[in-house]
Amino acid sequence: MTYEKNGDYLIPNLTANEEPEKALTKYGLMRKNFLKEHRRGIYQGMILTGELKAHCLQIQEQAEQRMELLTGQMAKSEGVNEELKAADQMRWVAKMNNIRHSAEEIVLTELIYI
């Protein structure tokens with residue numbers, strides 16, 4: 001560690017770790033808030049080491065990929081496709097909303113709230 005003399009005092013030359021430029025979105029912010037409220041030790045440790053934003057971005061990316069995968073799989077297994085969309089749009093919307101909600105519950109349980 002290097003120091004800079006300022007009057008009679010030696011002040012350490014500290015620099016902050018570079019944080020990723022990408023912005024946090026829904027799942028990244030949810031993970032950050034969960035850590036802040038329920039895992040304070042982990043949250044403080046990540047802030048001190050400069051890993052918090054990188055961790056939240058990683059969780060955010062995994063959650064988005066998982067949502068896409070689960071939504072596709074659930075839609076296929078329930079027969080929600082373009083034919084249903086053309087035949088009965090309201091039914092298609094209702095089923096897709098249900099599928100998205102179910103997939104999001106899985107993602108939140110598996111990735112965000114652990």
Side-chain angles (χ1 to χ4, degrees):
M1 180 173 278
T2 60
Y3 295 88
E4 179 180 315
K5 189 165 181 154
N6 190 351
D8 291 336
Y9 301 100
L10 290 176
I11 299 173
N13 293 327
L14 300 175
T15 57
N17 292 343
E18 301 247 347
E19 287 192 345
E21 292 291 322
K22 193 173 176 185
L24 293 176
T25 58
K26 178 181 179 179
Y27 298 114
L29 291 172
M30 290 173 82
R31 179 65 177 167
K32 181 180 176 183
N33 289 335
F34 174 76
L35 290 173
K36 185 176 183 179
E37 294 174 14
H38 300 285
R39 303 283 190 267
R40 291 186 183 142
I42 295 171
Y43 178 78
Q44 290 296 326
M46 286 184 167
I47 285 178
L48 291 173
T49 60
E51 298 173 358
L52 181 63
K53 189 168 184 183
H55 169 76
C56 291
L57 286 171
Q58 180 183 11
I59 294 294
Q60 172 180 301
E61 185 178 326
Q62 290 175 357
E64 289 168 357
Q65 290 173 355
R66 187 81 170 125
M67 271 295 292
E68 196 174 304
L69 177 70
L70 286 172
T71 302
Q73 288 176 345
M74 289 176 164
K76 186 177 179 182
S77 71
E78 292 187 25
V80 179
N81 53 26
E82 292 298 318
E83 293 170 5
L84 178 62
K85 185 177 181 179
D88 189 357
Q89 287 183 352
M90 293 305 289
R91 186 168 171 226
W92 180 85
V93 168
K95 285 187 168 238
M96 283 304 294
N97 284 340
N98 188 27
I99 288 169
R100 282 191 200 105
H101 179 71
S102 298
E104 186 167 59
E105 285 297 318
I106 293 169
V107 167
L108 294 177
T109 304
E110 288 180 351
L111 295 172
I112 307 298
Y113 301 138
I114 58 168

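Quick caveat, the model's predicted, so the values are computed rather than measured. The figures that follow rest on heavy atoms only: side chains count, while hydrogens, waters and symmetry mates do not.
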| message | Would a single hydrophobic cluster contain both Val93 and Met67, if residues Ile, Leu, Val, Met, Phe, Trp and Tyr are joined by side-chain heavy-atom contacts under 4.5 Å? | response | yes
| task | Can you measure from CG (Leu57) to OG1 (Thr25) and round to the nearest 0.5 angstrom? | result | 8.5 Å
| Given the rule in the side-chain contact (heavy atoms from CB on, under 4.5 Å) test, do Gln62 and Ile59 qualify, once you have shown the distances and angles that lead to the verdict? | CA-CA 5 Å; Gln62 290 175 357; Ile59 294 294; 4.0 Å; yes
| message | For a 4.5 angstrom cut-off between non-hydrogen side-chain atoms, does Lys26 reach Glu104? | response | yes
| request: With rounding to the nearest 0.5 Å, note down the distance linking CD1 in Ile11 to OH in Tyr3. | output: 11.5 Å
| Enclosure of Lys32 NZ (heavy-atom neighbours >12, cutoff 6.0 Å) | no
| Out of curiosity, Thr49 OG1 to Gln44 CD, how far, rounded to the nearest 0.5 Å? | 11.0 Å
| request: Working to the nearest 0.5 Å, report the span between CG of Asp88 and NZ of Lys95. | output: 10.0 Å
| query | Any side-chain heavy atom of Leu108 within less than 4.5 Å of one from Tyr27? | reply | yes
| Gap separating the CG atom of Leu70 from the CZ atom of Arg100, nearest 0.5 angstrom | 13.0 Å
| message | Under the rule for salt bridge (charged side-chain N to carboxylate O under 4.0 Å, His left out), what residues qualify as partners of Lys22, not counting sequence neighbours? | response | none
| query | Rounded to the nearest 0.5 Å, how far does CD of Gln89 lie from CE of Met96? | reply | 13.5 Å
| field | In one Ile/Leu/Val/Met/Phe/Trp/Tyr side-chain cluster, 4.5 Å: Leu24, Phe34 | value | no
| task | Indicate yes or no: at least one non-hydrogen side-chain atom of Met30 is less than 4.5 angstrom from one of Tyr113. | result | yes
| Minimum heavy-atom distance between Ala103 and Thr71, given as atom pair plus value | CB-OG1, 3.9 Å
| Within one Ile-Leu-Val-Met-Phe-Trp-Tyr cluster: Ile106 and Ile112, side-chain cutoff 4.5 Å | yes
| request: Determine whether more than 12 heavy atoms belonging to other residues, nucleotides or ligands lie under 6.0 Å from atom NE2 of His101. | output: no
| remark: Hits for salt bridge (charged side-chain N to carboxylate O under 4.0 Å, His left out) against Glu110, two or more places apart or cross-chain, chain-then-number order -> Arg66
